[in-house]
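Here the structure is laid out as C-alpha cells; the discussion comes afterwards.
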Amino acid sequence: MNEWVAMTGGFLAGAAAAVFFVASLWWTTVRLPASRQPWLLLCGSALLRMAVVLGVLAMLARSGDWRILVAAAMGFALIRTVGVCTIAQRDTSFQLSATQTSPAKTLHPGSER
C-alpha cells in the first residue's frame with residue numbers, strides 16, 4: 001500500500017511540474033512580442049522551466065525507486081499534452097484562419113490544380 005502512495009505522489013509531483021512548465025511557457029510566448037529583450041526573456045524562462053522540472057525529478061530520484069520517476073514522467077506527459085492541446089484550442093493565434101493560404105501555394109503560386 002505504501003508503494004501506491006509513493007507512486008501517486010510521484011505522479012502528482014510530475015503533474016505539478018508540468019502545470020508549471022506549460023503555464024510558464026504560455027506566459028513567455030504571450031509576452032515575447034512586447035519584450036524589449038526577447039532573447040533574455042526566452043533564455044531566462046527556459047532556464048527557469050528546466051531548473052524547476054529537473055529539481056522535482058532530482059527530489060523524486062532521491063527516493064531510490066525508479067517506479068516513482070516513471071509515475072512522475074507519466075504525470076508530466078499527461079498534463080503537458082492536455083495543457084498544450086487546451087491552449088491551442090482556446091487561443092486563436094494558434095489556429096489558421098480560412099483566408100490564409102497554405103505554404104505550398106505561397107511558394108508555388110502557379111501550382112494550384
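We're numbering straight along the sequence, starting at 1. No hydrogens, no waters, no symmetry mates; every other heavy atom, side chains included, goes into these values.
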Practice problem: Would you name the heavy atoms of Gly75 and Ala18 that are closest together and state the gap between them? | Solution: O-CB, 4.5 Å
Quiz prompt | Same cluster (ILVMFWY, side-chain, under 4.5 Å), Ile79 and Met74 | solution = no
Exercise. Using the test side-chain contact (heavy atoms from CB on, under 4.5 Å), find all partners of Leu78 that sit at least two apart in sequence or belong to another chain.
Key: Phe11, Val82
Practice problem: Specify the closest pair of heavy atoms between Pro33 and Thr29, including all atoms of both residues, with the distance to one decimal. | Solution: CD-O, 3.4 Å
Quiz item: Taking a hydrophobic cluster as the set of Ile, Leu, Val, Met, Phe, Trp and Tyr residues connected by side-chain heavy atoms closer than 4.5 Å, whether directly or through intermediates, do Ile68 and Val53 fall within one such cluster?
Solution: yes
Quiz prompt | Euclidean distance, Ser45 OG relative to Arg31 CZ, rounded to 0.5 Å | solution = 11.0 Å
Practice problem: Mind jotting down which residue pairs meet the ring-ring contact (aromatic ring centres under 6.0 Å, His included) criterion with at least one end in residues 45-86? Sequence neighbours excluded, please. | Solution: Phe21-Phe76
Self-check item: Which residues share a side-chain contact (heavy atoms from CB on, under 4.5 Å) with Val30, sequence neighbours left out
Solution: Trp26
Quiz item: Do Thr28 and Leu41 have side-chain heavy atoms sitting under 4.5 Å apart?
Solution: yes
Quiz item: Can you tell me if CZ on Arg49 sees more than 12 non-hydrogen neighbours from other groups inside 6.0 Å?
Solution: yes
Quiz prompt | Connected via hydrophobic side-chain network under 4.5 Å: Trp27 and Leu42 | solution = yes
Self-check item: Leu57 to Ala72 - nearest heavy-atom pair and separation
Solution: CD2-CB, 4.3 Å
Quiz item: Out of curiosity, Met7 CE to Ser63 OG, how far, rounded to the nearest 0.5 Å?
Solution: 11.5 Å
Self-check item: Gap separating the CG atom of Leu60 from the CZ atom of Arg67, nearest 0.5 angstrom
Solution: 14.0 Å
